[in-house]
Amino acid sequence: MFSNLTGKYDKLNAHLTIFPGAGGDDAKDWADMLFNMYLKYAQKRNWKVIETGDRSLEIKGDYAYGNLKKEMGVHRLVRISPFSAKKLRHTSFALVEIIPVFEAVELKNLNIPPEDFRVEFTRSSGPGGQNVNKRETAVRVVHIPTGLACESQAERGQGQNREKAMNLLKAKLLHMMQTAQMKEISELRTKVKPEWGSQIRSYVLHPYKQVVDHRTKLKLHNPEAVLEGDLDKFIDAELDFPMQENHPI
């Protein structure tokens with residue numbers, strides 16, 4: 001399948017983040033389900049995964065970005081809500097963001113003016129030893145002109161998390177610039193929000209069981225297996241599907 005992975009950044013590692021849509025507990029639960037799905041998929045590929053923040057993973061493996069890049073988009077879930085006392089059917093949405101983990105030299109060449117970003121410190125909520133929830137080691141960096149924000153809480157030290165969060169922010173800005181064919185970071189002046197367009201895939205658990213990709217038209221009737229990380233058929237179909245205009249690099 002590597003023969004289809006000829007993009008400039010396909011060989012690189014990937015950074016994945018899941019954003020829950022509107023809908024309270026159902027949307028957050030769906031985002032968590034997707035996060036676990038991709039975590040298990042990566043583990044089945046024997047890729048190394050590092051949890052970098054809330055519903056965020058750095059995935060290290062051969063052609064990780066190339067395999068995952070077409071997973072970027074809105075994913076839809078239809079099920080009986082576990083949060084509904086009346087057992088009503090509910091539709092939830094979540095956005096999957098996939099960007100390449102750029103080489104250090106590329107990130108070094110991207111300079112963000114100090115007045116264009118702010119750094120916030122919070123208490124880490126993930127693994128990290130005795131300092132967790134006691135010291136403000138987690139770091140969130142916000143790019144003020146666009147509103148893009150990145151966080152890191154994977155490291156024990158504040159300085160290390162700041163560097164990781166800043167590098168992730170640079171990677172997002174660089175990815176955005178290249179997708180929009182912009183040459184200067186100063187061109188990214190408008191508020192940027194995740195692209196909540198039409199869903200790329202639907203996962204139906206009720207009244208029937210089905211997962212359908214709306215681009216390739218592939219349908220599978222084992223959503224439980226798919227949510228356990230069995231994504232190979234969808235990934236392969238996506239890689240065989242013609243690249244769409246304005247699709248991620």
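This one's a predicted model, so the numbers in the text were calculated from it and none came from an experiment.
Under the 6.0 Å distance and 45° angle rule, R201 counts as a cation-pi partner of F234.
Side-chain atoms of K209 do not come within 3.5 Å of backbone N or O of E224 as any donor-acceptor pair. A donor-acceptor contact shorter than 3.5 Å is absent between the side chain of W30 and the backbone of G21. For the pair N13 (side chain) and G61 (backbone), a donor-acceptor distance under 3.5 Å is present. A distance-only check finds a donor-acceptor pair linking the side chain of N161 to the backbone of E155 [under 3.5 Å]. For D230 (side chain) and A225 (main-chain N/O), no donor-acceptor pair under 3.5 Å exists by modelled atom type. Between the side chain of R215 and the backbone N or O of K70, at least one donor-acceptor pair lies under 3.5 Å. A donor-acceptor contact shorter than 3.5 Å links the side chain of K170 to the backbone of L110.
For the residue pair S198 / H214, no side-chain donor-acceptor distance below 3.5 Å is found, with atom types taken as modelled. Judged purely by distance below 3.5 Å, without hydrogens or angles, the side chains of T17 and S56 pair a donor atom with an acceptor atom.
Minimum interatomic distance between H90 and G23 (heavy atoms only, all atoms of both residues): NE2-O, 4.4 Å. In terms of heavy atoms, K40 sits closest to G229 at CB-CA, 4.2 Å.
A salt bridge links D29 to R79: at least one charged side-chain nitrogen sits closer than 4.0 Å to a carboxylate oxygen.
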Go through the steps to decide whether D26 and S92 satisfy the test side-chain hydrogen bond (donor to acceptor under 3.5 Å, both in side chains), and finish with yes or no. CA-CA 6 Å; D26 278 287; S92 303; 4.6 Å; no
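A 6.0 Å sphere centred on NZ of K28 holds no more than 12 heavy atoms belonging to other residues, nucleotides or ligands.
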